[in-house]
Amino acid sequence: MFAPGQNLTRGLNFSGGIFMTTKYDRYQPRKIEPFWRQKWEESGLYRSVIKKDKPKYYALTMLPYPSGDLHIGHWYAMVPSDAQARFMRMQGYNVLFPIGFDAFGLPAENAAIKRNVHPQKWTMDNIERMREQLKSMGAIFDWEREVITCLPGYYKWSQWLFLKFYERGLAYKKLSPVDFCPTCNTTLAREQVWGEDRHCERCETPVVKKELDQWFLKITDYADELLDFSQIDWPERVVSMQKNWIGKSEGAEVTFELPNQEKLTVFTTRPDTLWGVTFMVLAPEHPLVDQITTEEYKEQVKAYQYAASRQSEIERLAVDKEKTGVFTGSYAVNPVNGEKIPVWVADYVMMGYGTGAIMAVPAHDERDFAFARKYNLPIRIVITPDEGLSEPLTAAYTEVENGKMVNSGPFTGVPAAEGKNQVIAWLEEKGLGHKAVNYRLRDWLISRQRYWGTPIPIIYCEKCGTVPVPEKDLPVLLPEDAEFLPTGESPLKHHPAFLHTDCPRCGGPARRETDTMDTFICSSWYQYAYLSPYYEGTGPFDQEEAAYWLPVDLYTGGVEHACMHLIYTRFFTKAMRDLGLVNFDEPMLTLRNQGIILGEDSEKMSKSRGNVVAPDDLVNAYGSDTVRVYLMFGWRWEMGGPWDSRGIEGSYRFLNRVWELLLFPVEGEVKPTAEKTETLQRKLHQTIKRATLDLKEFAFNTYIASLMEFSNLLSKVKPVLWGTEAWQEAAKTFTLLLAPAAPHLAEELWSRLGGEDSVHDQPWPQWDEALVVEQQVEIVVQINGKIKERLVIAVNAAEEEVKEQALALAGIQAALEGKTPRKTIYVPGRLFNIVV
RNA sequence: GCGAGAGUGGCGGAAUUGGCAGACGCGCUAGACUUAGGAUCUAGUGGGCAACCGUAGGGGUUCAAGUCCCCUCUCUCGCACCA
């Protein structure tokens with residue numbers, strides 16, 4: 001037992017006594033928090049270095065963009081991740097929880113054009129501010145591993161990786177119609193074009209198509225492997241979004257003969273419907289259109305193509321728009337039955353998917369059905385359910401499961417589901433087609449016509465053509481003295497010293513690639529950069545560090561990156577594996593997504609709405625620990641929801657109560673009882689168990705709730721147990737349990753309670769299952785499942801004994817009214833149910 | 001249309017995966033202490049006067065259903081003429 005007040009003095013030593021205003025100083029987070037943060041920094045508490053004798057745990061939070069100020073969303077994402085990392089640390093793991101900045105990108109350059117401040121300065125200033133804000137969070141970030149992606153020491157390796165990809169044919173340049181954002185003045189990857197109107201992910205401007213020569217990464221080489229999620233524990237939502245995005249569909253390619261020896265290959269997932277093809281459709285951009293269109297139809301086909309090309313440049317049309325098309329005048333021959341079928345051009349067929357041409361089976365495809373109806377094309381049924389179909393059809397019959405092939409030559413009578421494969425085999429045998437797989441996934445367009453990004457390390461020589469920059473010449477530095485003008489063109493294009501160079505191969509005059517890389521390149525491998533920031537060895541990172549820390553054990557961040565960053569980084573890891581840089585298949589073993597904190601008005605936070613919650617203000621008002629606790633307590637983490645400015649008061653009150661509870665002594669004599677001691681001990685072990693399991697499961701809200709419950713019990717028993725051994729043990733253990741959530745407060749309490757070293761270096765408490773179990777329990781006594789009475793009984797009471805006591809209860813006697821129980825059910829510790 | 005997820009008090013949310021619905025907190029009500037309280041403490045708080053009724057709605061399985069099965073409705077997110 002320690003004398004009240006004694007430990008208060010110890011606390012004062014740390015703070016220099018400056019905040020002792022009353023006999024027992026109040027909870028003053030603004031004094032405690034900076035003090036401890038400085039201590040931790042000085043003592044290197046959170047430096048993560050290889051410790052071979054300890055299991056490692058690599059926890060990672062998504063790389064923030066240095067937009068200027070830390071947002072409450074950053075806190076919401078990072079605080080529970082930090083708590084989880086701290087918990088693992090106390091569980092004996094050697095934890096790495098690094099932080100850095102995704103520092104290239106458009107906002108910096110736009111600021112440069114608008115406000116005449118260099119992107120470098122704008123970015124570094126923001127980083128400096130955000131670094132301080134991040135530090136106020138009190139997370140266990142190892143700042144010595146910080147990476148900033150716009151620094152040459154970083155992007156050198158982005159360029160190096162690009163060159164390695166190039167060597168292996170994973171990076172290539174291609175002239176093709178690409179999406180261009182007229183506001184951002186750059187091309188975008190397919191993933192960065194969103195929504196029905198196909199707008200730019202960043203600025204929401206509808207994109208336009210441009211025919212440009214651009215660099216791509218061959219992510220499609222890994223399409224199949226990217227569909228394999230067997231090695232990772234990722235949320236179902238992300239898995240399904242990625243599957244959906246990759247969009248694998250299996251079927252067949254079938255070749256149709258056209259006049260003048262041309263062949264037209266189509267992709268279909270329904271080879272079982274081949275006998276029902278009544279026309280064919282080409283996309284307006286299909287190269288065969290010009291060749292097969294007959295003189296008679298030339299004019300209208302040309303007009304249609306022109307209209308279609310205009311259309312793609314304007315807004316994308318609504319889904320339910322009326323289908324349009326024109327006849328080419330030509331006929332194709334259906335290879336399965338020799339029929340002549342008309343070939344049309346229509347914009348409901350996309351050049352970008354499959355072969356840009358389809359076989360139309362109006363009876364069994366909704367789109368073809370609508371088209372056939374409009375243009376009076378024949379509709380032939382070749383699949384029917386057992387009960388048949390009534391003609392004329394009012395809608396396409398698209399079911400496969402219950403369908404049977406009819407009017408299909410040798411396959412008539414075969415179930416459609418089996419027919420698919422049988423027909424493919426038959427086509428292959430006859431040389432008419434073959435099994436084929438199609439993906440929705442496109443190769444990743446990485447060229448950006450902007451300055452503030454990683455220069456693509458390529459040189460164009462008149463003699464030698466495309467020449468990669470030799471490894472020894474890396475990094476290709478971004479020139480600092482660029483001019484930022486609102487012309488919409490990259491300053492690199494107008495920077496002679498950058499543009500003109502010598503060919504590394506022949507020494508002749510050459511020019512540099514002026515496009516820079518998509519910033520998603522930077523974030524595709526940053527988890528490896530943390531191992532050895534700005535590495536100066538022979539590869540992008542230190543292999544010894546890699547061998548110890550990799551792969552990332554836990555990754556946390558927003559679900560909005562499911563089809564961008566999270567696919568890209570998986571692709572990078574697989575490609576890097578094939579380069580021999582890493583020896584595993586997946587970058588992040590476990591992924592957890594947080595939800596989004598909305599404004600108090602339930603709308604997305606935005607400056608224009610004026611509903612933004614600034615974490616700095618909250619930290620000033622309540623302290624960092626309160627903000628942390630509230631962010632963990634207020635919502636289901638993966639859901640998020642509207643901010644509640646009153647709710648945070650509850651968390652502040654909680655921490656205040658904890659402070660007073662553990663530090664303010666009881667006046668007068670304390671008379672401990674065995675019963676209360678036991679109650680305290682039991683609740684303590686129950687709380688350890690709950691807190692441990694909840695933290696494991698990312699149930700941060702119930703983790704905090706369990707601490708609140710425990711503090712409620714503590715305040716009940718305080719008058720009788722204050723200062724006893726059981727009390728002290730409970731107080732210290734409670735402080736340990738609080739440490740991941742409120743690290744500063746826990747540290748202060750720990751030191752005042754006489755704890756050794758840092759609370760954060762203590763082992764996580766263990767619970768004793770025997771002490772968790774209640775001895776006396778209240779069970780409910782039911783009749784036919786309805787609660788009639790309650791009974792307090794020993795937890796291990798025999799069923800017979802319970803039955804005897806339950807049946808003897810007055811309320812039960814009355815309710816039974818002399819009826820005899822037919823059956824009784826006893827669930828120990830829960831209920832006793834009498835069935836009559 | 002396809003895919004994923006969700007519907008529980010006035011609000012945020014709990015409920016050992018079939019076993020006392022509403023833990024914990026916000027808010028609210030009453031009281032205490034106060035010159036004062038938007039501070040703090042104590043008590044209460046799903047509905048109904050009651051028996052009872054209550055987890056989006058309807059049916060089912062079971063001694064027992066928020067939880068399992070079938071149908072319907074609503075909402076959120078992602079993709080979208082993907083052949």
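Predicted model only: the values in this text are computed from it and were never measured. Worth knowing before you read on, the calculation uses all heavy atoms, side chains too, and leaves out hydrogens, waters and symmetry mates.
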Ring geometry between Trp643(A) and Trp635(A) (parallel below 30°, tilted from 30 to 60°, perpendicular above 60°):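 Parallel.
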Paired and unpaired positions of RNA chain B as dot-bracket, Watson-Crick or G-U wobble under 3.5 Å, | denoting a partner strand: (((((((..(((......[....)))((((((.......))))))((....))..(((((..]....))))))))))))....
Donor-acceptor pair under 3.5 Å, Asn244(A) side chain vs C79(B) base: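 Between C79(B) and Asn244(A), which were checked side chain against base, a qualifying N/O pair under 3.5 Å is absent.
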hbond_proxy Arg822(A) side chain to C63(B) base (donor-acceptor, 3.5 Å cutoff):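 By the distance-only test, no, there is no pair.
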Minimum-distance nucleotide (side-chain atoms of Asn833(A) versus G78(B), G19(B), C81(B)):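 Out of G78(B), G19(B), C81(B), the nucleotide with an atom closest to Asn833(A)'s side chain is G19(B).
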Closest to the Asp347(A) side chain, choosing from A83(B), C77(B), C81(B):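 Nucleotide nearest to Asp347(A)'s side chain: C81(B).
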May I have the list of side-chain donor-acceptor pairs in residues 557-568 of chain A shorter than 3.5 Å, sequence neighbours left out?
residue	atom	partner	partner atom	Å
His565(A)	ND1	Ser523(A)	O	3.4
His565(A)	NE2	Tyr555(A)	OH	2.6
Tyr568(A)	OH	Glu191(A)	OE1	2.8

Any residue of residues 704-714 of chain A with a heavy atom less than 4.0 Å from an atom of RNA chain B: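 Heavy-atom contacts with RNA chain B come from Ala705(A), Met708(A), Glu709(A), Asn712(A).
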[X] side chain N/O closer than 4.0 Å to the phosphate oxygens (OP1, OP2) of [N]?
X	N	result
Arg636(A)	A14(B)	yes
Asn438(A)	A83(B)	no
Arg440(A)	C2(B)	no

Ring-face cation contact, Trp234(A) with Arg592(A), 6.0 Å cut, 45° max: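 So Arg592(A) doesn't make the cation-pi contact.
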Qualifying ring-ring contact (aromatic ring centres under 6.0 Å, His included) pairs, either residue in residues 686-711 of chain A, two or more places apart: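 For residues 686-711 of chain A, and leaving out neighbouring residues, the ring-ring contact (aromatic ring centres under 6.0 Å, His included) pairs sorted by first residue read Trp637(A)-Phe698(A), Trp637(A)-Phe700(A), Phe698(A)-Phe700(A), Phe710(A)-Phe734(A).
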Show which side-chain atoms of residues 247-255 of chain A pair as donor or acceptor with protein atoms under 3.5 Å away, not counting sequence neighbours.
residue	atom	partner	partner atom	Å
Lys248(A)	NZ	Asp224(A)	OD1	2.6
Ser249(A)	OG	Tyr353(A)	OH	2.7
Thr255(A)	OG1	Thr265(A)	OG1	3.3

Base versus backbone protein contacts along nucleotides 40-54 of chain B [heavy-atom cut-off under 4.0 Å; B, S, -]: SS----------SS-
